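Take a look at the structure below.
One-based numbering along the sequence shown. Here the structure is a predicted model, which means the values were calculated and not measured.
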Amino acid sequence: QKWLMQAQVSPQAWQFCWALLSPDKVPEIQYFGASALHTKISRYWSDIPTDQYESLKTQLFSQIACFSSGSKMVLTRLCVALASLALNTMPEAWPGAVAEMVRVFQEEGGGVDGRARCLALLELRLPQYRKGQVRGALGREWGSVCPLLQQLLRRADSPGAVKARVLRCLSSWVLLDVPLNESEGLVHDCFSALPDPELFDTAVEAIVNAISQPDSQRYVNTLLKLVPQVLALQEQLREAVQNGDMETCHGICRIAVTLGENHSRTLLEQVDHWQSFLALVNMIMFCTGIPGHYPVNETTSSLTLTFWYTLQDEIMSFESDKQAVYLQVYRPVYFQLVDVLLHKAQFPSDQEYASWSSDEKEQFRIYRVDISDTLMYVYEMLGAELLSNLYDKLGRLLTNAEQPTSWQHTEALLYGFQSIAETIDVNYSDVIPGLIGLIPRININNVQLADTVMFTIGALAEWLADHPVMLSSVLPLVLQALGNPDLSVSSVSTLKKICRECKYDLPPYATNIVAVSQEVLIKQIHKTSQCMWLMQALGFLLSALPVEDILRNLHSLITPYIQQLEKLADETPNPSNKLAIIHILGLLSNLFTTLDISKQDDESADGSAPPVKTAPPPPGPNPVVVVLQQVFALIQTVLSKWLNDSQVVEAVCAIFEKSVKTLLHEFAPMVSQLSEMLGQMYSTIPQASALDLTRQMVHIFASETDHFPPIKALFELVTSVTLSIFQQGPRDHPDIVDSFMQLQAQVLVYLCCYLSLPLLGVLSLKFPEAPTVKSTCLFFTELLPHCSDVPPLARVVQEEGKLLVQAVLEGIGGGASRSLMDQFAEVLFSLNKHCFSLLAVWLKEALQPPGFPSSRVTAEQKDNFSQQILRERVNKRRVKDIVKEFTLLCRGLHGTEYAAEY
């Protein structure tokens, strides 16, 4: 297979492809010859001299004529090859290509079969790189194509296969911006084809493509004619629903939604036809509420959700007077939509749900999320009245003792509340106190209902922070749910939200919350990730307590884990105690992530300046620092046994990294001993996580002269160790190189440090791992601007910069993934901006050797590239385009379909 593929793209393919098409060959060999021909025309068009275009076209016509009664798969492949030839030669070398194809095949083929072959040619898939002029030329050929398509589609004796090909052909051509009024007749024929099951799918595709073209909104009269045609499909739609025909439902819904979604504004503005558009909206509402549970009984309703967004946007974009009129008509429609969506969001019966596969349950979960997003958006139009509406329904449901209610109905209404409260500020709403009052009345006898109750309470956490008196109503429910493993995610995430938003109102409940949390942690009810969330919740909770209470709670909370860690540290390393150690270290790092006794600002917008506290910390040592100092010796013991294991080292570093991020300058008492430990760790066995922690400390303490000396010593040490790794062969440690480059870039923000460029430039830029190369390029773009103000750095760049340029050119020439070209372009741009005269010399010298950076580029092309780069010292986007163009030339991909998406 590999050899055959290489043969197809070889220069010899031009010769052997014709020989393989010989009539005495079997169809499989002929197909390979036709495929080779198509490959050469589509990907290696530049190989063909201009004076041979005509003979190639003649030969292709001749071969297609020969195979008209032969193998259909070979015929199709030859037709595709001719289509590629047309796309490559239009409009300059072969104007009127399509008209000539139609004429030639009609003349020589005759009958329906000849026209069908012609249609195979006309199913053109225009590649992106051929853009404007060819699209325009093809669009102008529509006059040759349209009559043929109409003739074949309307002829009674046209076989179904031919009609299907006509419809596929129409689908392709309307994508070339054919005016909707010029394809109106054919679109009408497509509607006529919908009752035929064999043509249904292709007819739907053609209609959808025709009416979704951006230009089609200009043709208002044609669109108005389409509305009744779409409405006429309602009978076919209802029959399909009754018969359980999901495919037909899906197709008709696609047509209705496409018309509504793409042309809402145009049709809304036709006030004389408001009733027909309202009928279309109601047809789409029927599709939204189509009977059955998604995705088991139906898959149609999900198609409609974006339509409701679009219609709402269009209505709300009108001027206030017009908007008021439209709202009078469509607000009731949107209230109906809420009822429909909440009905669709209901779970099936327990028995039916139990029979669903895990994939179906996941699709239903995603569908409910989409409904939730839609409800949240609809709230923007309906406002507080929507919440009142939901509250009234829930109240009637829960207080009506005579009529038994299903848990599914209750759950769906709560889900509606949750959807809105999660993202909308409901503080002003007068129904939320009532809702909080109703929640304890719910008979929670089902996991799904209990989950939604939890998530609804979580969504109201911000409201509870402003109304703390209501905490006593819901907190017992949350703490009770913590003990149920089936409610793990919802109960823990809700407690975390409450602890984060209401922490200053929780001290009266703190003892109880800590006790329940400790109990569920000891019983190991929750999975690892939920245990981590629970520790974060406790961190928020403890942050609001007095320091002595924090220390007391910390002692009772983490002492069992410290004792367990001491025991594990004495054991011989093995896989099971490794997991236990990582788990305990994770619990500590998550606790310290959120345990912050003073407030802080977020980091600066670009992350370059260290974050700062907005208020001075309380007097005395920080509780986190106290604990860290107490367990420091134990952590060192653990490290001494597990230094070879990157996961354990990463877990240790995470404790300190999260503490540094949270405490900021309050971490200062730990800086010296942590720097020393990191230096010992990294000197023994270098790990990327140690570099990441070093970078974090540089970020926070770079401007503090009292605490920076140990960090500076650590930085010099890790730099020395890393450079020795470079000398031994860095390819085995891409993660270390990646983190090291990020550290260097960070340091450059604060310090005038510089390194030996040859090792970094030549080695790191040649790594196969994209993240490593990106970090290296980032380092250079940070480094080069300092050339002018740091003389030693300028000297290093002057002496060794050529190696950097060579490494960059090697990557552009094909040594690196094309996805990295933007990063290489940024390095060249930075060199051009800060070392212009040197870059001119380096480019000339580096590009001089023949075959570098690629044997596919000529000296003239290299010179052109060099001049283009040197000209652009302001427009970075232009430099990126120049590099992309040059890399395609170097790889032999310029002007090919393969590179079209690049």
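Listed for the Lys641 side chain is a donor-acceptor partner under 3.5 Å among the backbone atoms of Ala569. Judged by distance alone, the side chain of Ser488 and the main-chain N or O of Asn484 form no donor-acceptor pair under 3.5 Å. A donor-acceptor distance shorter than 3.5 angstrom exists from the side chain of Thr662 to the backbone of Thr593, with no hydrogens or angles considered. For Thr494 (side chain) and Met454 (main-chain N/O), a donor-acceptor pair under 3.5 Å exists by modelled atom type. Using modelled atom types, one side-chain atom of Asn577 and one backbone atom of Thr572 make a donor-acceptor pair closer than 3.5 Å. At distances below 3.5 Å, not a single donor-acceptor pair connects side-chain atoms of Ser372 with backbone N or O atoms of Arg368. A donor-acceptor pair under 3.5 Å is absent between the side-chain atoms of Tyr504 and the main chain of Ala465, judged by distance alone. When atom types are taken as modelled, the side chain of Gln629 and the backbone of Val626 share no donor-acceptor pair closer than 3.5 angstrom. Side-chain atoms of Ser683 never come within 3.5 Å of backbone atoms of Gln680 as a donor-acceptor pair (strictly under, hydrogens ignored). Listed for the Ser493 side chain is a donor-acceptor partner under 3.5 Å among the backbone atoms of Ser490.
Between Glu657 and Lys661, the closest side-chain pair of non-hydrogen atoms falls below 4.5 Å. Side-chain atoms of Leu475 and Ile513, non-hydrogen and from C-beta on, do get closer than 4.5 Å to each other. Ile439 is not listed as a side-chain neighbour of Ser473, based on a closest heavy-atom distance of 4.5 Å or more. Two residues are said to be in side-chain contact when any heavy atoms from C-beta on lie closer than 4.5 Å; Val625 and Glu666 fail this criterion. For the pair Cys777 and Lys774, the minimum side-chain heavy-atom distance is 4.5 Å or more. Within the 4.5 Å cutoff, side-chain heavy atoms of Met697 are placed close to those of Leu674. Under the 4.5 Å side-chain criterion, counting only non-hydrogen atoms from C-beta, Leu743 is not in contact with Thr719. In this structure, Pro560 and Leu521 have side chains that are not in contact, with every pair of non-hydrogen atoms separated by 4.5 Å or more.
In this structure, Glu676 has no salt bridge (Lys or Arg N to Asp or Glu O under 4.0 Å) partners at least two apart in sequence or on a different chain. For His467, the ring pair (Phe, Tyr, Trp, His ring centres under 6.0 Å) criterion is met by Trp463, not counting sequence neighbours. Under the side chain to side chain donor-acceptor pair (under 3.5 Å) criterion, Asp549 pairs with Arg552, sequence neighbours left out. Residues passing the side chain to side chain donor-acceptor pair (under 3.5 Å) test with Lys578 are Asp645, Gln647, sequence neighbours excluded. Here Glu462 pairs with nothing under the side chain to side chain donor-acceptor pair (under 3.5 Å) rule; sequence neighbours left out.
Heavy-atom minimum distance, Leu471 versus Pro476: O-CD, 4.2 Å. For Thr456 against Leu414, the heavy-atom pair with the smallest separation is OG1-O, 3.5 Å. Residues Ile498 and Leu506 approach most closely at O-CD1, 3.9 Å, considering heavy atoms. Nearest heavy-atom pair across Gly483 and Val520 is CA-CG1, 4.0 Å. Heavy atoms only, all atoms of each residue included: Lys503 and Ala544 are closest at O-CB, 3.3 Å. Listed here is the closest heavy atom pair of Leu678 and Cys653: CD2-SG, 4.4 Å.
Ring centroid separation for the pair Phe701 and His665 comes in under the 6.0 Å cut-off.
The distance from the CD1 atom of Ile655 to the CZ atom of Phe632 is 11.0 Å, given to the nearest 0.5 Å. Here OH of Tyr353 is found 7.0 Å from CZ of Phe364. Values are rounded to the nearest 0.5 Å. In this structure, OG1 on Thr410 lies 6.5 Å from CG on Leu394, to the nearest 0.5 angstrom. Here the SG atom belonging to Cys502 is positioned 5.0 Å from the CG atom belonging to Leu464, to the nearest 0.5 angstrom. Here CG of Asp451 is found 8.5 Å from CG of Asp486. Values are rounded to the nearest 0.5 Å.
Defined by atom type and a distance below 3.5 Å, a donor-acceptor pair is present between the side-chain atoms of Ser576 and Asn574. Looking only at atom types and distance, the side chain of Gln696 has no donor-acceptor partner in the side chain of Asp692 under 3.5 Å away.
Classification of the Phe347-Trp407 ring pair by plane angle, with boundaries at 30° and 60°, yields tilted.
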| message | Walk me through whether Gln687 and Glu650 qualify under side-chain contact (heavy atoms from CB on, under 4.5 Å). | response | CA-CA 8 Å; Gln687 305 262 18; Glu650 198 172 314; over 6 Å; no
In sequence, state the C-alpha distance, the side-chain angles, and the governing distance for Ser589 and Phe656, and then conclude on side-chain contact (heavy atoms from CB on, under 4.5 Å). CA-CA 7 Å; Ser589 63; Phe656 294 106; over 6 Å; no
TODO: Could you walk me through whether Ser689 and Leu693 pass side-chain contact (heavy atoms from CB on, under 4.5 Å), step by step?
DONE: CA-CA 6 Å; Ser689 49; Leu693 178 50; over 6 Å; no
- Message: Run the side-chain contact (heavy atoms from CB on, under 4.5 Å) test on Leu554 and Leu591 for me, step by step, so that the C-alpha distance in whole Å, both residues' side-chain angles and the decisive distance to 0.1 Å come before the verdict.
- Response: CA-CA 10 Å; Leu554 278 178; Leu591 178 63; 3.5 Å; yes
Show the numbers, then the answer: is there a side chain to side chain donor-acceptor pair (under 3.5 Å) between Thr722 and Tyr682? CA-CA 9 Å; Thr722 308; Tyr682 197 76; 2.8 Å; yes
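In this structure, Glu571 places its CD atom where more than 12 heavy-atom neighbours from other residues, nucleotides or ligands lie under 6.0 Å away. The neighbour count for Gln351 CD, taken as heavy atoms of other residues, nucleotides or ligands under 6.0 Å away, does not exceed 12. When the shell of 6.0 Å around NZ of Lys567 is examined, it contains 12 or fewer heavy atoms from other residues, nucleotides or ligands. Residue-environment remark: CD (Glu716) exceeds the threshold of 12 foreign heavy atoms within 6.0 Å.
Comment: Glu519 engages Lys523 in a salt bridge, judged by a side-chain N to carboxylate O separation of less than 4.0 angstrom.
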Side-chain donor/acceptor pairs under 3.5 Å, residues 532-542, sequence neighbours excluded:
{"residue": "Gln536", "atom": "OE1", "partner": "Lys496", "partner atom": "NZ", "Å": "2.7"}
{"residue": "Gln536", "atom": "NE2", "partner": "Asn590", "partner atom": "OD1", "Å": "2.6"}

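The side chain to side chain contact (heavy atoms under 4.5 Å, CB included) test with Trp642 singles out one residue from Val649, Ile581, Val652, Ile582, and that residue is Ile581.
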